[in-house]
Amino acid sequence: MAQSILILLIVVPLAFAAFLAWMPRKHAPAIALMGTSLAALLGVYTALIFDWNLSGRFQLENTVQWLPSLGVALQVGVDGVSLLLVLLTLLLGPICVLCSVTAIRERIKTYYGWLLVLQAAMTGVFVARDLILFYVCFEFTLVPMFILISLYGSTNRRRAAIKFFLYTFTGSIIALAGLVYVAWFAAGRALPGSSGWTFDLDILMRAAAELPPSTQAWVLGALLLGFAVKVPLFPLHTWLPLAHTEAPTAGSVILAGVLLKLGTYGIFRLAIPFAPAAFAEYAPMLAGLSIVGILYGGLICWVQTDVKKLVAYSSVAHLGFCVLGMTAGNEIGLTGSVLYMINHGLSTGALFLLIGMIYERYHTRDMAKLGGLAARMPVWSTFMVFFVMASVGLPGLNGFISEVMCLLGAFQASDNWGSGAWGSVADAMPGATPGLLGPWYAAIAGVGMIIAAMYLLQLTGKVVWGPLVEPTGHGHGGRDHGGHGLGGHDSAEHSTAAASHAGGHGAGGADASHTATSDKPHLPTDLTPREIGILVPLAVLCLALGLYPKPVLYAIDGSVAQTANLIREAGALKARPAGSPQVEPAPVEGAPAESDGKASAMAEEAAGSVAAGDAVTGGPGR
């Protein structure tokens with residue numbers, strides 16, 4: 001079973017989706033929950049048999065020949081980074097099913113079936129070791145998400161779904177051109193383990209190392225157009241806020257938790273290894289776009305009145321930090337970037353869950369119509385404040401450590417940061433790493449953390465604290481709030497009789513008008529045990545990763561060290577400005593799996609207190 005476990009992680013959700021299609025409608029939620037829960041249990045088993053001491057190497061590899069004459073195979077394997085993202089995907093699966101029980105009331109089989117297919121496709125991206133399998137799964141995620149948004153979203157769901165599909169599909173086609181070029185280039189090289197066409201990622205990475213710098217630049221541009229749209233990186237972000245806002249709650253959770261990480265994972269796993277010299281050369285430009293996204297997204301959040309759109313734009317800003325850490329090209333920056341992929345999925349996914357729970361009760365996301373909910377919903381308010389603090393980056397919670405590591409990575413990534421205004425003239429400072437960023441990049445990006453605190457605390461002050469404000473027509477009793485099964489009406493317009501609340505998330509406005517009020521489940525004023533059970537695992541993980549991130553950092557250290565060394569060897573030193581002081585990077589000590597874990601130790605110290613940042617600063621200059 002161990003040899004086939006990764007293939008089972010893909011097949012199990014697909015099998016349950018097929019089984020669900022033949023079962024009665026009323027059993028759909030239970031079948032979807034069983035499918036996602038079984039996949040999660042298999043994920044736990046995978047984590048138990050995975051050798052975390054060798055997390056920098058791909059393990060549990062398995063190959064099933066698909067089209068051998070064309071060099072295409074179903075080849076799977078995971079290292080520490082990909083396995084953690086698989087576990088995140090499997091964790092959010094049952095949570096998305098449970099949060100949809102009262103929200104989705106029409107076309108239930110279609111909804112849960114495509115939810116299972118989406119989980120299988122996302123898992124396939126993270127476990128793929130064959131380029132064709134990677135791209136098929138990467139691209140196929142568009143279909144389930146398009147259906148979930150277009151059928152179960154809010155008023156502008158069709159526009160949001162079309163915009164989402166066109167943006168991401170166009171970017172993926174351009175990325176495909178770059179990937180095919182690398183495969184064609186590899187086919188003309190006599191490489192060990194290959195004869196003719198092959199799509200084995202390991203072989204393609206060895207072939208890409210022989211690409212001339214000018215060709216690498218074109219390959220990098222093609223890959224970034226595909227992956228940056230998915231992140232999304234400014235200015236390719238405009239599809240995201242609309243898609244987030246119009247998607248059903250589970251769709252927003254999947255978008256924030258996993259789907260956006262396909263872009264950052266693609267950059268980490270393919271763009272950097274296929275074009276490391278070009279990535280090192282163009283890192284300042286990418287860092288600049290990331291910083292613009294951080295500031296621009298934060299300022300737009302500051303003026304939002306729709307609470308869901310505010311959290312949607314915050315993803316643009318937060319993932320700007322993730323890409324900034326990657327462009328640093330050093331261990332601490334890359335570690336922070338990978339950790340940010342996980343932390344953002346937990347905290348922002350939880351915020352979308354909380355917003356969905358409010359929408360089910362009040363049918364509005366307008367902050368002018370919601371306020372002082374701590375008096376009415378103390379349990380909801382407790383979770384809201386907790387996850388807002390995690391998103392702000394409060395020390396002790398998961399958001400802090402990843403943001404600080406991304407900023408420290410950018411701060412140190414400059415060969416001449418110890419000269420001129422930043423230090424003693426002509427003397428390199430300890431801790432500097434090869435790169436073209438430096439303190440100015442970190443300082444400007446750091447302003448984004450202040451802006452994030454401003455808009456998130458403003459959100460909390462308006463919605464949680466202050467005088468009680470509720471939409472007109474909503475009673476205060478324990479069972480006055482109905483569910484919202486179908487996505488047809490604008491949330492702010494629900495002030496009529498209970499029968500008019502058949503809108504919300506679901507199968508389309510005109511088709512939903514016949515739904516009887518008696519078909520909708522009643523919700524108490526505050527959270528139900530089901531809703532609390534959804535949020536508790538995310539809260540525990542946010543707290544655990546904030547207080548003691550060492551196990552996760554140890555798990556990704558080997559892969560990160562390899563990627564950082566690849567960037568250094570490929571061209572970071574060549575890009576140094578003439579006359580700048582020489583800072584020779586120390587080689588990665590030992591095998592990748594035997595990395596000394598300095599980034600883990602530094603991050604652990606940083607998680608303890610803000611003052612420990614001084615101890616962190618000198619760490620990663622190996």
Side-chain angles (χ1 to χ4, degrees), residues 1-16 35-66 68 71-94 116 119-138 140-141 193-194 198-206 258 261-262 265-266 268-270 273 338-339 341-342 345 551-563 591-595 597:
M1 181 178 175
Q3 186 178 6
S4 304
I5 188 67
L6 298 181
I7 294 178
L8 285 175
L9 293 179
I10 302 174
V11 171
V12 165
L14 293 177
F16 273 85
T36 53
S37 299
L38 179 57
L41 290 175
L42 290 174
V44 172
Y45 175 72
T46 305
L48 292 176
I49 63 176
F50 184 83
D51 188 350
W52 295 100
N53 293 319
L54 302 174
S55 60
R57 302 178 185 176
F58 282 91
Q59 303 177 41
L60 306 175
E61 292 185 287
N62 191 11
T63 302
V64 177
Q65 293 300 324
W66 187 4
V72 181
L74 293 176
Q75 186 174 353
V76 296
V78 289
D79 64 351
V81 172
S82 54
L83 181 53
L84 288 175
L85 291 171
V86 168
L87 294 176
L88 175 64
T89 304
L90 299 177
L91 169 68
L92 294 179
L116 288 165
Q119 175 169 315
M122 294 186 300
T123 304
V125 172
F126 296 130
V127 304
R129 295 301 300 155
D130 179 88
L131 186 59
I132 298 298
L133 178 61
F134 175 91
Y135 187 81
V136 167
C137 293
F138 183 88
F140 193 74
T141 58
S194 69
T198 181
F199 297 94
D200 185 296
L201 289 180
D202 290 328
I203 296 175
L204 295 182
M205 289 175 190
R206 293 200 300 270
V258 183
K261 309 312 182 297
L262 301 185
Y265 180 77
F268 180 85
R269 188 63 76 201
L270 295 183
V338 173
L339 188 60
M341 298 183 204
I342 301 168
V552 175
L553 296 171
Y554 180 76
I556 64 180
D557 193 54
S559 300
V560 163
Q562 293 178 63
T563 304
E594 299 171 358
S595 175

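What's counted below: heavy atoms across the whole structure, side chains too, no hydrogens, waters or symmetry copies.
Each of V12, L92, L90, L9 was compared with Q119 under the side-chain contact (heavy atoms from CB on, under 4.5 Å) criterion, and only L90 meets it.
Listed here is the closest heavy atom pair of L6 and Q59: CD1-O, 4.2 Å. Considering every non-hydrogen atom in both L116 and T36, the closest pair reads CD2-CG2, 3.7 Å. Nearest heavy atoms, S82 versus G77: OG-O, 4.4 Å.
The main-chain N or O of A47 is found under 3.5 Å from a side-chain atom of W52 such that the two form a donor-acceptor pair.
A salt bridge links D79 to R269: at least one charged side-chain nitrogen sits closer than 4.0 Å to a carboxylate oxygen.
Residues L262 and T141 have side chains in contact (heavy-atom distance under 4.5 Å, counting atoms from C-beta outward). With a 4.5 Å cut-off on side-chain heavy atoms, Y265 and F134 count as touching. Side-chain contact check for L83 versus F126: every heavy-atom pair is 4.5 Å or farther apart.
Scanning for side-chain hydrogen bond (donor to acceptor under 3.5 Å, both in side chains) contacts around N62 gives an empty result, with sequence neighbours left out.
Remark: D202 CG to D130 CG distance equals 11.0 Å, nearest 0.5 Å. The distance from the CD atom of Q562 to the CG atom of D557 is 10.5 Å, given to the nearest 0.5 Å.
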Hey, mind stepping through I7 and V127 against side-chain contact (heavy atoms from CB on, under 4.5 Å) and telling me if it holds?
CA-CA 9 Å; I7 294 178; V127 304; over 6 Å; no
Applying side-chain contact (heavy atoms from CB on, under 4.5 Å) to V552 and I342, what does each step give before you reach the verdict?
CA-CA 10 Å; V552 175; I342 301 168; 4.2 Å; yes
Dump the intermediate steps for side-chain contact (heavy atoms from CB on, under 4.5 Å) on S55 and F50, then the final yes or no.
CA-CA 8 Å; S55 60; F50 184 83; 4.0 Å; yes
